[in-house]
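Take a look at the structure below.
In the text below, chain A, chain B and the rest are named by the order of the sequence lines, each starting its count at 1.
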There are 2 protein chains.
Amino acid sequence: MHQPGGHENSFALVHGNLEIRPEEIQALVDGRRVGLTVREFQVLLVLARREDHVLRRGDIYSQVWGGQMKHRDRSVDVFVRKVRTKLAHVAPGWAYIHTHFGVGYRFAATPPSAGGSNIAIGNVSDR
Amino acid sequence: MHQPGGHENSFALVHGNLEIRPEEIQALVDGRRVGLTVREFQVLLVLARREDHVLRRGDIYSQVWGGQMKHRDRSVDVFVRKVRTKLAHVAPGWAYIHTHFGVGYRFAATPPSAGGSNIAIGNVSDR
DNA sequence: CGTTATGGATAACAAATGGTGAACGCCCTG
DNA sequence: CAGGGCGTTCACCATTTGTTATCCATAACG
């Protein structure tokens, strides 16, 4: 994580059934490990720290990778997907990272059925 | 948004039940997301920044799209309508963007019933 | 009233954006 | 040195958004 000269805020975050432990680089859902890699964890952490706020890709990027995000860099997207996949594996039906088209992503732990009983499988993007 | 070399004024605006967060490109009505797209949001923002002032189409256009608005370009109108629709969806009865015939638009958060109990459905244009 | 100007409403089409799956290269470990 | 885990990058495709044209309603005006 890129915070030049800064310490990691180390208190655990709890959102819904998800617990995030910065010092341990661990994310737990109802006590079960999500199994995120370091990068994946960082992306989730950055988002979760600003619950319910829309973060631009560039902001997420600079906080995790440091520096300026190159034009058309898809790193953030790819990692968001990886995180989503692993979270979905442990917490089926829940949604945590919401897409804001043309802007970025927003963290909000959303229980199943909230947001409508979608018969469709695909993702829905917020705005 | 076109502000060559300029920074986005980033403090939230609040008008009536409407909150506008430039940084997040988010508009909220009583906490509920309006769901505007980036362009739609920009149009609303430009208007809201000059609450109660009538802005000419050309001004709105140049601030959002940049450059000079071409003769008979209806972009502004189309987006005003889109914004109105989405706002109406979340805040029934309220009016935010008022038409000034032959001139342009004016932002003013107006609660229901203010402005008369119109039985008619259509729009009313100010002057 | 009849005509013209102006804005509202839709829809068709084009472009931008993000989801996905997979290939690669690196590094570590057995 | 083979295998596995991880981060990075690419390419393809579905969806969402932006742009433009057209038709319709209404205001302005003689």
Side-chain angles (χ1 to χ4, degrees), chain A residues 1-2 25 33-44 46-47 54-58 60-61 64-67 69-89 95-106 118 120-127, chain B residues 1-2 25 27 33-44 47 54-58 60-61 64-67 69-89 95-106 118 120-127:
Chain A
M1 188 89 67
H2 277 261
I25 312 196
R33 289 172 206 301
V34 180
L36 300 177
T37 69
V38 176
R39 273 273 185 286
E40 289 163 1
F41 180 84
Q42 292 175 325
V43 170
L44 176 61
V46 165
L47 282 163
V54 180
L55 296 188
R56 291 197 229 274
R57 283 186 176 65
I60 298 170
Y61 186 90
V64 173
W65 281 266
M69 184 178 78
K70 283 158 294 186
H71 189 49
R72 296 199 185 171
D73 189 320
R74 304 292 304 282
S75 309
V76 174
D77 301 73
V78 172
F79 274 83
V80 162
R81 177 175 161 286
K82 290 179 176 177
V83 173
R84 277 173 170 165
T85 302
K86 291 189 177 177
L87 281 170
H89 193 70
Y96 301 93
I97 302 179
H98 304 262
T99 303
H100 283 253
F101 205 97
V103 186
Y105 298 97
R106 170 179 57 90
N118 280 325
I121 312 288
N123 285 301
V124 182
S125 96
D126 302 352
R127 248 161 289 127
Chain B
M1 189 91 69
H2 276 260
I25 313 202
R33 296 174 196 294
V34 181
L36 300 177
T37 68
V38 175
R39 273 273 186 290
E40 289 163 1
F41 179 85
Q42 292 174 326
V43 170
L44 176 61
L47 283 162
V54 180
L55 297 188
R56 300 176 170 287
R57 283 185 176 67
I60 298 171
Y61 185 92
V64 173
W65 280 266
M69 184 177 77
K70 283 158 294 185
H71 188 49
R72 295 198 185 170
D73 189 321
R74 305 291 304 283
S75 309
V76 174
D77 301 74
V78 172
F79 274 84
V80 163
R81 176 175 163 286
K82 289 178 177 177
V83 173
R84 278 174 169 164
T85 301
K86 290 188 177 178
L87 282 171
H89 192 70
Y96 300 93
I97 302 179
H98 304 263
T99 303
H100 283 252
F101 205 95
V103 186
Y105 298 97
R106 171 180 56 89
N118 281 325
I121 311 287
N123 285 302
V124 181
S125 97
D126 302 351
R127 233 163 300 109

What pairs of nitrogen or oxygen atoms, one from the protein and one from nucleotides 5-11 of chain D, lie under 3.5 Å apart?
unit_1	atom_1	unit_2	atom_2	d
D:dG7	OP1	A:Thr37	OG1	3.4
D:dG7	OP1	A:Arg39	N	3.2
D:dG7	OP2	A:Thr37	OG1	2.4
D:dT8	OP1	A:Trp65	NE1	3.4
D:dT8	OP2	A:Arg39	NE	3.4
D:dT8	OP2	A:Trp65	NE1	2.9

Listing time: all N or O pairs from protein to nucleotides 25-30 of chain C that are below 3.5 Å?
none

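In terms of the side chain to side chain donor-acceptor pair (under 3.5 Å) criterion, residue partners of B:Tyr105 (sequence neighbours excluded) are, by chain and number, B:Arg57, B:Asp77. With sequence neighbours left out, the ring-ring contact (aromatic ring centres under 6.0 Å, His included) criterion links A:Phe41 to no other residue. Scanning for salt bridge (Lys or Arg N to Asp or Glu O under 4.0 Å) contacts around A:Arg33 gives an empty result, with sequence neighbours left out. Among residues two or more places apart in sequence or in another chain, the side chain to side chain donor-acceptor pair (under 3.5 Å) test is passed with B:Arg106 by B:Asp52, B:His100, B:Asp126.
A:Phe101 has its CZ atom 6 Å from the C1' atom of D:dT17, to the nearest Å. Rounding to whole angstrom units, CG of residue A:Leu87 and P of C:dG19 are separated by 15 Å. Protein atom CD1 of B:Ile25 is 14 Å distant from nucleotide atom C1' of C:dT17, rounded to whole Å. Straight-line distance from the NE2 atom of A:His98 to the P atom of C:dG18: 16 Å, rounded to whole Å. In this structure, B:Ile97 atom CD1 and C:dA9 atom P are separated by 12 Å, rounded to whole Å. In this structure, the CZ atom of B:Phe41 is 19 Å from the C1' atom of D:dT16, given to the nearest Å. Going from atom CZ of B:Arg84 over to atom C1' of C:dT10 covers 16 Å, rounded to whole Å. Remark: P of C:dT20 and CG of A:Asp77 are 11 Å apart, rounded to the nearest angstrom.
Backbone-only contact: A:Arg57 has heavy atoms under 4.0 Å from sugar-phosphate atoms and none from a base. Among the heavy atoms of the strands lying under 4.0 Å from B:Val103 are primed sugar atoms or P, OP1, OP2 only; no base atom is included.
Remark: B:Tyr105 is not in phosphate contact with C:dT6, judged by side-chain N or O atoms under 4.0 Å from OP1 or OP2. The shortest distance between the side-chain N/O atoms of A:Ser125 and the OP1/OP2 oxygens of C:dG18 is not below 4.0 Å. Between A:Arg81 and C:dG21, a side-chain N or O to OP1/OP2 separation shorter than 4.0 Å is present.
Under a 3.5 Å cut-off, the side chain of B:Lys86 and the backbone N or O of B:Gly35 do form a donor-acceptor pair.
Annotation: side chain of A:His89 is not in contact with side chain of A:Thr85 (no heavy-atom distance under 4.5 Å). Within the 4.5 Å cutoff, side-chain heavy atoms of B:Trp65 are placed close to those of B:Val43.
The side chain of A:Arg127 approaches D:dT17 more closely than any other nucleotide in the set C:dT6, D:dT17, C:dG19.
Residue B:Val64 is tested with B:Glu40, B:Arg39, B:Met69 for a side chain to side chain contact (heavy atoms under 4.5 Å, CB included); the sole match is B:Arg39.
In this structure, CZ on A:Arg127 lies 14.0 Å from NE2 on A:His98, to the nearest 0.5 angstrom.
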